[in-house]
Asks: 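Okay, handing you the structure first.
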Amino acid sequence: MSATLVHPDGWYPASWRRHPVRQMPAYADGAALRLVEQRLAGAAPVILIDQAARLRTAMARLERGEGFLLQGGDCAESFDDPVAEQVAGIVGLFDAMAARLAPAIDGPLIEVARIAGQFAKPRSAEVECHDGVGLPAYRGDIVNGAAFDACARAADPQRMIRAHMQSVGTAASLAAARGAGSPVLTSHEALLLPYEEALTRRDPVGRWWATSGHLLWIGDRTRQIDGAHVEYLRGIDNVVGVKCGPSMTSDELCRLVETLDPANRPGKLVMIGRFGARRIAEALPPLMRAAEEAGKQLVWAIDPMHGNTSMVGKRKVRRLPDILAEIDAFFAIARAEGVHPGGLHLEMSALDVTECLGGRGPASLDDLERNWLTACDPRLNARQAIDLAGHVAALFA
Ligand code: PEP
Ligand code: CO
């Protein structure tokens, strides 16, 4: 990397490599990994920088209280996904949710899917054990295979090439579905940093952008201030999401926000709370207050999925009443703190899946078996998601 491409503050697309990194797969063949990185560095961007820049403008308005962010899609995409169907489904679902939400909100509805790059998953345990056999955890199709055998679970860098190709196709279909003026935008967790680094590109005025997606977020497990993920994300100009779980302190939030965006640009960062219905009332108000006192120009959104997950046997279980309760609490807290309730972050599918309990979905644990399709966490089905959009619209009435 030549010196002229390094920011005055020491950032460059590979500067994360000097920081401790979590959740990174161990690639056995370093030379194969480097070849893949080189190929991706010359590959087509998944998104247009102009559109990522326009999202920044929309988010700056949102920070002032105009509009609402609807972000949602699969927990994890899969190489087996039928792309055309997938795109038609998610666009149709956004249309149906927008029909409920758009008339209720003041300002534009910003639509961002978890799609065209949502292939890498953080895992709580490095190793998965069955009947005395331990294998590396499945980390998403961009890293390894879900099947429980040693061959599938080995991290394969070639999977990045396949994920990139599928993402380019998905993003193009998404743009074509509605026309470039109003496509549903793309987002994913910026987890697999060799992939992100290779797709980081410069615009004509010298700013760096991730071209792997319009909006990238940092997960609750990789937000350590000195860590590699924070280092990477602080250098790109895209809107950056920050997942905030119950363990986040006010001090951590302020340091994280200061590190990710010292210039305090309005709407550059969207804080995505995911505390759980039982913990939000205690966890969120101090964070909002600390950010407000520090004068930070943040957008606040709620992910009511990840904090409302429990285990029943080997199944992850999420219940619609908990999901709605966390959304209601988010709106009440934001309003009490004088903060605009700026958005919603969901795991949802356009299909009639049976993954979350309640509402127009499965009523019992047994019903979950009927159409459980997710590659990772349980998603709302289309009817549950549309009803939820109606519920949120009523909160704006
Ligand atoms: C996710 O959004 O799929 C995820 C893993 O979230 P979190 O980092 O909030 O746990
Ligand atoms: Co998830």
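Note that ligands are numbered from 1 as they come in the structure, with each ligand's atoms numbered from 1 the same way. Heavy atoms only: backbone and side chains are in, while hydrogens, waters and symmetry mates are out.
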Asks: Restricting to N, O or S atoms, which atom of Glu347 is closest to the Co ion (ligand 2)?
Replies: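 Of all N, O or S atoms belonging to Glu347, OE2 is the one nearest the Co ion (ligand 2).
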Asks: So, for Ala228 and Trp16, which heavy atoms are closest and what is the spacing to 0.1 Å?
Replies: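 Residues Ala228 and Trp16, closest heavy atoms: O-CB, 3.3 Å.
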Asks: Hey, which atoms in ligand 1 end up nearer than 4.0 Å to a heavy atom of Pro122?
Replies: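 Result: 5 (C).
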Asks: As a quick check of understanding, evaluate ring-ring contact (aromatic ring centres under 6.0 Å, His included) for Tyr138 and Phe148, giving each step before the final call.
Replies: CA-CA 8 Å; Tyr138 169 59; Phe148 191 73; over 10 Å; no
Asks: For atom 4 (C) of ligand 1, what is the closest protein heavy atom, and at what distance to 0.1 Å?
Replies: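 Nearest protein contact, heavy atoms only, for atom 4 (C) of ligand 1 is His306 NE2, 3.4 Å.
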Asks: Checking one value in my table: which N/O/S atom of Asp377 lies closest to the Co ion (ligand 2)?
Replies: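 For Asp377, the N/O/S atom sitting closest to the Co ion (ligand 2) is OD2.
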Asks: Closer than 4.0 Å to some heavy atom of Arg114 - which atoms of ligand 1 meet that?
Replies: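 Per the distance check, 1 (C), 2 (O), 3 (O).
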Asks: Among all protein heavy atoms, pick out the one at the shortest distance from atom 6 (O) of ligand 1; state its residue, atom name and that distance to 0.1 Å.
Replies: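 Nearest protein contact, heavy atoms only, for atom 6 (O) of ligand 1 is Lys243 NZ, 2.8 Å.
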Asks: For ligand 1, which atoms have a heavy atom of Gly219 less than 4.0 angstrom away?
Replies: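 Atoms satisfying the 4.0 Å criterion: 8 (O).
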Asks: Mind listing the closest non-hydrogen atom pair of Asn308 and Gly276 along with its distance?
Replies: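 Closest pair (atom of Asn308, atom of Gly276, distance): OD1-CA, 3.4 Å.
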Asks: Does a side-chain N-to-carboxylate-O contact under 4.0 Å join Arg100 and Asp387?
Replies: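 Answer for the salt bridge query: no.
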Asks: Using a heavy-atom cut-off of under 4.0 Å, does the side chain or the backbone of Cys376 touch ligand 1, or both, or neither?
Replies: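 The answer is neither.
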Asks: How close does the nearest protein non-hydrogen atom get to atom 8 (O) of ligand 1, and which residue and atom is it?
Replies: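 Looking at atom 8 (O) of ligand 1, the protein heavy atom closest to it is Asp220 N, 2.9 Å.
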Asks: Go through Arg114 and His345 one step at a time and tell me if the side-chain hydrogen bond (donor to acceptor under 3.5 Å, both in side chains) criterion holds.
Replies: CA-CA 9 Å; Arg114 291 172 59 116; His345 182 118; 2.7 Å; yes
Asks: Could you tell me whether any N, O or S atom belonging to Cys75 is less than 2.8 Å from the Co ion (ligand 2)?
Replies: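 Short answer: yes, at least one N, O or S atom is under the cut-off.
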Asks: Cluster question for you: counting only ILVMFWY and a side-chain heavy-atom cut-off of under 4.5 Å, with indirect links fine, are Met97 and Ile272 together?
Replies: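 No, it is not one cluster - the side chains of Met97 and Ile272 are not joined through contacts under 4.5 Å.
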Asks: For the atom pair CD (Glu326) and CG (Asp328), what is the distance rounded to the nearest 0.5 Å?
Replies: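 If we round to the nearest 0.5 Å, Glu326:CD and Asp328:CG are 10.5 Å apart.
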Asks: Please write down residue, atom name and distance for the protein heavy atom closest to atom 9 (O) of ligand 1.
Replies: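 Going by distance alone, atom 9 (O) of ligand 1 is nearest to Arg274 NE, 2.6 Å.
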Asks: For ligand 1, find out whether one of its N or O atoms is nearer than 3.5 Å to an N or O atom of Arg221.
Replies: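 It does: an N or O of Arg221 is found under 3.5 Å from an N or O of ligand 1.
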Asks: Mind telling me whether Phe68 and Phe331 have parallel, tilted or perpendicular rings, with 30° and 60° as the class edges?
Replies: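 Geometry flag for Phe68 against Phe331: tilted rings.
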Asks: Show me which atoms of ligand 1 lie under 4.0 Å from any heavy atom of Cys75.
Replies: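 Atoms satisfying the 4.0 Å criterion: 3 (O).
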Asks: Would Asp303 count as a polar contact of ligand 1, with the cut-off being nitrogen or oxygen pairs under 3.5 Å?
Replies: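 Asp303 vs ligand 1: no N/O contact under 3.5 Å.
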Asks: For Met305, state whether at least one heavy atom is located under 4.0 Å from any atom of ligand 1.
Replies: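 Heavy atoms of Met305 never come under 4.0 Å of ligand 1.
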Asks: Which is closest to atom 3 (O) of ligand 1 by heavy-atom distance: Lys121, His188, Arg123?
Replies: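 The option holding the nearest heavy atom is Lys121.
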Asks: Measure across Ala137 and Arg123 and return the closest heavy-atom pair with its distance rounded to 0.1 Å.
Replies: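 Heavy-atom minimum between the residues: CB-CG, 4.0 Å.
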Asks: Closer than 3.5 angstrom, by distance alone: can the side chain of His214 be matched with the main-chain N or O of Val184 as a donor-acceptor pair?
Replies: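 Side chain of His214 to backbone of Val184, a donor-acceptor pair under 3.5 Å: no, none is there.
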